[in-house]
Amino acid sequence: MPEGHTIHRLAADHQERFGGRQVRASSPQGKFSDGAALLDRRVMTGAEAHGKHLFLGFGDTGWVHVHLGLIGKFGFGDGPTPPPTDTVRLRIATSAHYADLRGPAACALITEPEKRAIHDRLGPDPLRPGDDPDRVYTRIARSRISVAALLLDQKVIAGVGNVYRAEVLFRHGVDPFLAGRDLPRPVWDAMWADLVALMREGVRTNRIDTVRPEHEPAAMGRPPRVDDHGGEVYVYRRTGQPCLVCGTAVRTRPLDARNLFWCPRCQA
DNA sequence: TAAGTATGTTAAG
DNA sequence: TTAACCTACTTAC
């Protein structure tokens, strides 16, 4: 489930429920027992996101660094904690709320310098206020790598995943295989502004919707799209189906072990 | 019951 | 380039 919008939403959700409060911490599954023991009965001092990385602050004790990977998930609940299931890596709870973390790629207690090192290897994030699209463009403009590959490189730009990649390329009519050095500056500026708007909307709604009103199913006389990622999109996972704008069959091809989706006509 | 898939990343070969 | 990892859900046998 996790692209950058998910992680920023999780930071806000943790801040709202646990920020400034003393929490109980445990690792029912056992793989984070030592870390959880150090956090138990401490105050969560803040929650922060950079790209797909989540940081939960615990004052001088340090930070919990969480990366959900492909399958990690948080589940929130209100009221007293129910008995945990055996896959819960980390449970954080007050008397009013609890959060259960399952299946993360990373869940570790780290120091402030270790946290800084993680920030240093991540590119600008459309959801971090003040992050600089010029820095991203500088890297894109001197690369022979495809724009599609560059958008998934977290050192270049942080937080974009497979859905936002496919959708932002479609919305700007960009051929995914275009070399970064051939992407015009004005197109990049528009793509960044669009990512900022789309991902902010994603944080608000907790899903990815990229289809403009005039192409929505209701406006086109089609039934609403039902898909388990839960949003309206132009090309992501619509292989073989007609493009919502021109009707051409949407194509897919593996690129660096990820599925890339695009419309060969709108993105020529 | 087993296999396949997924909005991701890292390490080994 | 391939495999491995973490979980849950769907599909195939």
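A note on names: the letters A, B, ... follow the listed sequences, proteins ahead of strands, and every chain is numbered from 1.
Considering only side-chain N and O atoms, A:Asn259 lies nowhere under 4.0 angstrom from the phosphate OP1 or OP2 of B:dT5. Between A:Tyr236 and the phosphate of B:dT7, there is a side-chain N or O to OP1/OP2 separation shorter than 4.0 Å. OP1 or OP2 of B:dT9 has not a single side-chain nitrogen or oxygen of A:Arg121 nearer than 4.0 Å. Side-chain nitrogen and oxygen atoms of A:Lys73 include none within less than 4.0 Å of the OP1 or OP2 phosphate oxygen of C:dA8. Using a 4.0 Å cut-off, some side-chain N or O of A:His67 falls inside it from OP1 or OP2 of B:dT9.
Look at CG on A:Asn162: it is 5 Å from P on B:dT7, rounded to the nearest Å. Regarding A:Ile208, its CD1 atom lies at a distance of 15 Å from the P atom of B:dA6, rounded to whole Å. In this structure, the CD atom of A:Glu167 is 13 Å from the P atom of B:dT7, given to the nearest Å. One interatomic measurement links the two molecules: CE of A:Met199 to C1' of B:dT7, which rounds to 11 Å at whole-angstrom precision. Distance, A:Leu195 CG to B:dT7 P: 18 Å, rounded to whole Å. When the P atom of B:dT9 is taken as reference, atom CD1 of A:Ile7 falls 9 Å away, rounded to whole Å. Between A:Lys155 atom NZ and B:dT9 atom C1' there is a gap of 11 Å when expressed in whole angstrom units. The distance between atom CD1 of A:Ile157 and atom C1' of B:dT7, rounded to the nearest whole Å, is 16 Å.
Comparing the same atom, C1', in C:dA8 and in B:dT10 gives a spacing of 22 Å after rounding to whole Å. On the P atoms, B:dG13 is 13 Å away from C:dC5, given to the nearest whole Å. A distance of about 15 Å separates the P atoms of B:dA12 and C:dC6, rounded to the whole Å. Comparing the P positions of C:dA3 and B:dT5 gives a spacing of 14 Å, expressed to the nearest Å. Rounded to whole Å, the P atom of C:dA4 lies 14 Å from the corresponding atom of B:dG4.
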Can you check nucleotides 4-7 of chain C for protein contacts, nitrogen or oxygen pairs under 3.5 Å, and list what you find?
residue, atom, partner, partner atom, Å
C:dC6, OP1, A:Lys31, NZ, 3.1
C:dT7, OP1, A:Gln29, NE2, 2.8

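In this model, a donor atom of one side chain and an acceptor atom of the other lie less than 3.5 Å apart for A:Arg42 and A:Thr61.
Within the 4.5 Å cutoff, side-chain heavy atoms of A:Arg128 are placed close to those of A:His50. At least one side-chain heavy atom of A:Glu48 sits under 4.5 Å from a side-chain heavy atom of A:Lys115.
For A:His14 and A:Phe76, the ring centers sit closer than 6.0 Å to each other.
Of the listed residues (A:Leu68, A:Leu10, A:Leu54, A:Ile71), just one forms a side chain to side chain contact (heavy atoms under 4.5 Å, CB included) with A:Pro2, and that residue is A:Leu68.
Consecutive pairing runs in DNA chain B reach the stem threshold at B:1-6 with C:7-12, B:8-12 with C:1-5, where a stem means at least three Watson-Crick or G-U wobble pairs with distances under 3.5 Å.
The line from OG1 of A:Thr81 to CG of A:Asp100 is 8.5 Å long, rounded to the nearest 0.5 Å.
A cation-pi contact links A:Arg91 to A:Tyr98, judged by a cut-off of 6.0 Å to the six-membered ring centre and 45° from its axis.
For A:Ile110, the CD1 atom is densely surrounded, since the number of other residues' heavy atoms within 6.0 Å is greater than 12.
Ion pairing between a basic and an acidic side chain is recognised when a charged N comes within 4.0 Å of a carboxylate O; A:Asp189 and A:Arg185 show such pairing.
Below 30°, between 30° and 60°, or above 60°: for A:His97 and A:Phe18 the angle between ring planes is above 60°, a perpendicular geometry.
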